[in-house]
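For this chain, numbers begin at 1 and follow the sequence in order. Basis for what follows: all heavy atoms, side chains included, without hydrogens, waters or symmetry-related copies.
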Amino acid sequence: MTSYLQIADDEKGHELDLFCVPRHYENDLDKVIIPHGLIMDRTERLARDIIQDMGGHHIVALCVLKGGYKFFADLLDYIKALNQNSDKSVPLTVDFIRVKSYCNDKSTNNVKVIGGDELSNLAGKNVLIVEDIVETGRTMQTLLSLLNECNPKMVKVASLLVKRTPRSSGYRPDYIGFEVPDAFLVGYALDYNEYFRDLSHICILNEQAREKYRV
């Protein structure tokens, strides 16, 4: 069974003035829900779990841009550290794909996969997809369907966040950092119309900010 750290629906979070938050975002956020240090500790454990499960095989780590880039970079740093400090190491290569399913704060049914022209090169490979957040699960199911057409040997999915939502299709990744409430989250590369990627902590966006940054 997949393990994860659950953030409760009634989680009060942390006041913004307890952390270093960019001044230009101070009026846009309700609270810090996952501090950066906790993200890093959980990511380190996920790296260990992935090496235990997929170790001994060449791994192609596939980053889902743009939101997944921070989690991807930090996760691979921890995997690299394990490679350098253990008797058994795993060859690791990387690739990138962009998947878009949001308009403003709404997840749409129109999933666009950008790039991936070379996905056919994944045939017979062990693939680790690294994603920032799974909400309904439909975006990931679309991507998995596309990848399976390329006949990889194995596909595993690591997502930093999984959202508890009645809109969920029931899909669950193989590796989960945190299960989070059905709120709109930003920070640690999760964005709202490209803003907030430069925020280190994961925070809840307030209603005024949704209007302020709406396109």
Side-chain angles (χ1 to χ4, degrees), residues 2-4 39-40 42-84 88-102 107-108 110-163 168-180 185 188-191 194 197 202:
T2 303
S3 61
Y4 51 84
I39 296 169
M40 297 302 286
R42 183 72 187 121
T43 302
E44 184 177 15
R45 177 53 197 255
L46 288 176
R48 193 172 82 180
D49 292 344
I50 289 166
I51 288 294
Q52 286 177 345
D53 292 346
M54 301 181 73
H57 306 283
H58 172 201
I59 300 173
V60 179
L62 182 63
C63 177
V64 180
L65 296 171
K66 296 180 182 176
Y69 81 86
K70 276 290 293 174
F71 177 47
F72 182 79
D74 290 333
L75 181 66
L76 263 60
D77 278 346
Y78 283 124
I79 291 176
K80 182 173 69 176
L82 289 169
N83 271 342
Q84 292 173 344
K88 187 170 71 172
S89 61
V90 181
L92 188 69
T93 55
V94 302
D95 206 346
F96 301 88
I97 193 169
R98 187 173 175 192
V99 179
K100 188 171 179 63
S101 62
Y102 267 84
S107 180
T108 69
N110 183 19
V111 178
K112 296 180 180 178
V113 177
I114 304 169
D117 293 339
E118 305 301 322
L119 289 182
S120 59
N121 293 336
L122 298 176
K125 303 287 180 62
N126 298 295
V127 181
L128 174 68
I129 302 173
V130 182
E131 172 69 292
D132 57 349
I133 186 167
V134 170
E135 185 174 345
T136 67
R138 295 186 183 91
T139 300
M140 186 53 64
Q141 287 173 317
T142 299
L143 179 54
L144 287 171
S145 177
L146 179 65
L147 285 178
N148 285 332
E149 293 177 4
C150 302
N151 298 313
K153 181 179 179 182
M154 175 197 305
V155 179
K156 298 280 190 180
V157 178
S159 181
L160 178 64
L161 307 176
V162 170
K163 188 177 286 188
S168 173
S169 66
Y171 169 77
R172 304 284 283 186
D174 302 284
Y175 307 100
I176 300 171
F178 303 87
E179 187 185 74
V180 295
L185 306 178
Y188 192 69
L190 281 82
D191 76 304
E194 298 302 324
R197 296 194 194 276
I202 294 177

Quick check: closest heavy atoms across [X] and [Y], and the distance to 0.1 Å?
| X | Y | result |
| --- | --- | --- |
| Gly170 | Ser168 | N-OG, 3.0 Å |
| Pro173 | Thr2 | O-OG1, 3.6 Å |
| Asn83 | Val90 | OD1-N, 2.7 Å |
| Ser169 | Gln141 | OG-OE1, 3.1 Å |
| Arg172 | Tyr4 | NH2-CE2, 3.3 Å |

Validation row: [X], [Y] side chains within 4.5 angstrom (heavy atoms):
| X | Y | value |
| --- | --- | --- |
| Asn121 | Val60 | no |
| Leu143 | Val157 | no |
| Met40 | Tyr78 | yes |
| Asp74 | Ile39 | no |
| Tyr171 | Leu144 | yes |

Atom pair [atom1] ([X]) and [atom2] ([Y]), whose distance is rounded to the nearest 0.5 Å:
| X | Y | atom1 | atom2 | value |
| --- | --- | --- | --- | --- |
| Leu122 | Leu146 | CG | CG | 9.5 Å |
| Leu92 | Ile79 | CG | CD1 | 6.0 Å |
| Leu76 | Thr43 | CG | OG1 | 11.5 Å |
| Gln52 | Leu82 | CD | CG | 9.0 Å |

Show me the pairs that pass side chain to side chain donor-acceptor pair (under 3.5 Å) and involve residues 53-64, at least two apart or across chains.
Asp53-Tyr175, His58-Thr93
Any side chain to side chain donor-acceptor pair (under 3.5 Å) involving residues 148-157? Give me the pairs, sequence neighbours left out, ordered by first then second residue.
none
Anything under 3.5 Å between a donor and an acceptor, one on a side chain of residues 61-71, the other on a protein residue two or more places apart or in another chain? List them.
from	atom 1	to	atom 2	distance (Å)
Lys66	NZ	Glu194	OE1	3.3

Between Arg42 (side chain) and Ile176 (backbone), is there a donor-acceptor pair under 3.5 Å?
yes
